[in-house]
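Reading through the structure tokens given below for one structure.
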Amino acid sequence: MIEDCSIEILLVEDNPNDIELELRAFKKNNLGNKVLVVRDGAEAIDYLFGTGIYADRKNYIQPKVILLDLKLPKIDGLEVLRIIRSDEKTKMIPVVVLTSSNEEKDLIESYQLGVNSYITKPIEFDQFVQVTANLGYYWILLNKLPFKPIR
Amino acid sequence: MQTTFQTIEDWLGIEEAKEEYRALLNILEDFEEEKIKFQQIQKAILNLLDDMIEERIKSEQTKQALMNILEDIETERQKIEKSKVLLELANKELEAFSYSVSHDLQAPLRAINGFAQAVVEDYSDKLDEEGQRYIKLIQKNSRFMGQLIQDLLAFSRLGRQQIGTTEIDMERLAKDVFEELKGEASNRVIEFKLGSLPKAWCDPTMAHQIFVNLLSNALKFTGHREKAVIEIGYLQKENEGYYYIKDNGAGFDMKYVDKLFGVFQRLHTYEEFEGTGIGLALVKRIVTKHGGRIWAEGNINEGACFYFTLSRGEK
């Protein structure tokens, strides 16, 4: 179990290839050690609320940004977003949807649920690295948060 | 009757009564005649009534027959309604299917492209020229497949999209789109002729898409010409008016004109002209959605002309 204060990005992603490529892209932007990967919606909820396999953790910081895939096992991305936004403890954490879906329906629903940003995963790896760099730069360095990251 | 006579005898004298009787008898005789006449009339009326009843029965029967026909029509209508619902359902399922297929196809593609890139970055020195060329081919093809999927998604999305029509200044739109696309071909000699185009009722995004696809095709297929000539105009023939876009490009064989608007149908090799073969299928879908039609004429090496109609004046 990872338990340190360096986690700034929570990556919610189930596809192992995408995870490896995304981590590679983060590493290229020197963000590799700030990412924690959870493999489905339920694990994301457990991490954020300190339940289930994360129940033993007392104090840990909330991420500065959650990168959320939409198509996830157990609890899908939109449902995760709904839960995050409806709880006082998590409602202010920035959430960026990172998905293959370009569908208007997904876009509208995500924004209706209060997503902060919506990015489609590019197929080209170079572009993907660029997107990751932009995300890291913006959400980790530039963006100011209204809350202290300690839960 | 009896009571009446007695009353009259009591009332008048006998002689007077006799006179009165006679008169009364006369009246009664007349009355009898009238009665017969009346009975005849009554009979006639009864006959008429009989006839009328017959007519009524007939009309009742006709009504029943009509009701039956109406019922049949209603049954047919319900059947049609039912198959319409089923058709819509099947259509929705198909759209959902193509959406999720296209969607899920992208993930492995990202992996293929990404890991090929990783090989290029991390192991370039271990690969000879041929090995590097293969990797480049892998990437080029995964990129192309990505484009195919994107196009397929766009095509499927179009099927589900609601159209919001508004009045479009087609002439201005054609000009804007040409300016937009000309930038990518700035080193070429292009003569662009724009006729006077009437306004049309169309979804703005889709109208834009029509011109983007048709004009970029015209630009693409005139790529081998020293001077490209592209013309957009409008013709009115009988009751129908149509927009057209004509070029002096590579053209096509009329033998294959039916294939022109099919999804992923191409009439040229990739080496000659690139593209996924979705553009015209998209345009056709848009035009059909707007109640219009599209057709084309062309000859090999003598250019092509695309015609389309859009309903005008109505929403």
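Computed from heavy atoms alone, side chains included, the values below leave out hydrogens, waters and symmetry copies. Every chain is numbered from 1, with letters handed out A, B, ... down the list of sequences. Remember, it's a predicted structure, so these values are computed and weren't measured experimentally.
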| message | Return the CZ to CD1 distance between B:R143 and A:I123, rounded to the nearest 0.5 Å. | response |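 B:R143 CZ to A:I123 CD1: 10.5 Å, rounded to 0.5 Å.
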
| task | Could you grab the distance from atom CG of A:D18 to atom CD of B:Q106, nearest 0.5 Å is fine? | result |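 That separation rounds to 10.5 Å.
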
So what's closer than 4.5 Å to chain B heavy atoms on [X]: side chain, backbone, both or neither?
X	result
A:K105	neither
A:E20	side chain
A:K71	side chain

| field | Closest approach of A:L21 to B:R110 (non-hydrogen atoms, all atoms of both residues) | value |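 Between these two residues, the closest heavy atoms are CD1-O, 3.5 Å.
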
More than 12 non-hydrogen atoms from neighbouring residues, nucleotides or ligands closer than 6.0 Å to [atom1] on [X], yes or no?
X	atom1	answer
A:E104	CD	no
B:K220	NZ	yes
A:Y137	OH	no
B:R172	CZ	no
A:Y111	OH	yes
B:E129	CD	no

| Do B:D122 and A:R24 come within less than 4.5 Å of each other through their side chains, counting heavy atoms only? |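 Yes. Closest side-chain heavy atoms under 4.5 Å.
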
| Region of B:A118 that comes under 4.5 Å of a non-hydrogen atom in chain A |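 B:A118 touches chain A through backbone and side-chain heavy atoms alike.
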
| task | Against chain B, work out which of A:N17, A:N15, A:V129 has the most heavy-atom pairs shorter than 4.5 Å and name it. | result |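 Of A:N17, A:N15, A:V129, A:N17 has the most heavy-atom pairs under 4.5 Å with chain B.
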
| request: Would you mind telling me which of B:Q150, B:E121, B:M145 has the largest number of heavy-atom pairs within less than 4.5 Å of chain A? | output: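 Ranked by heavy-atom pairs under 4.5 Å with chain A, first place is B:E121.
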
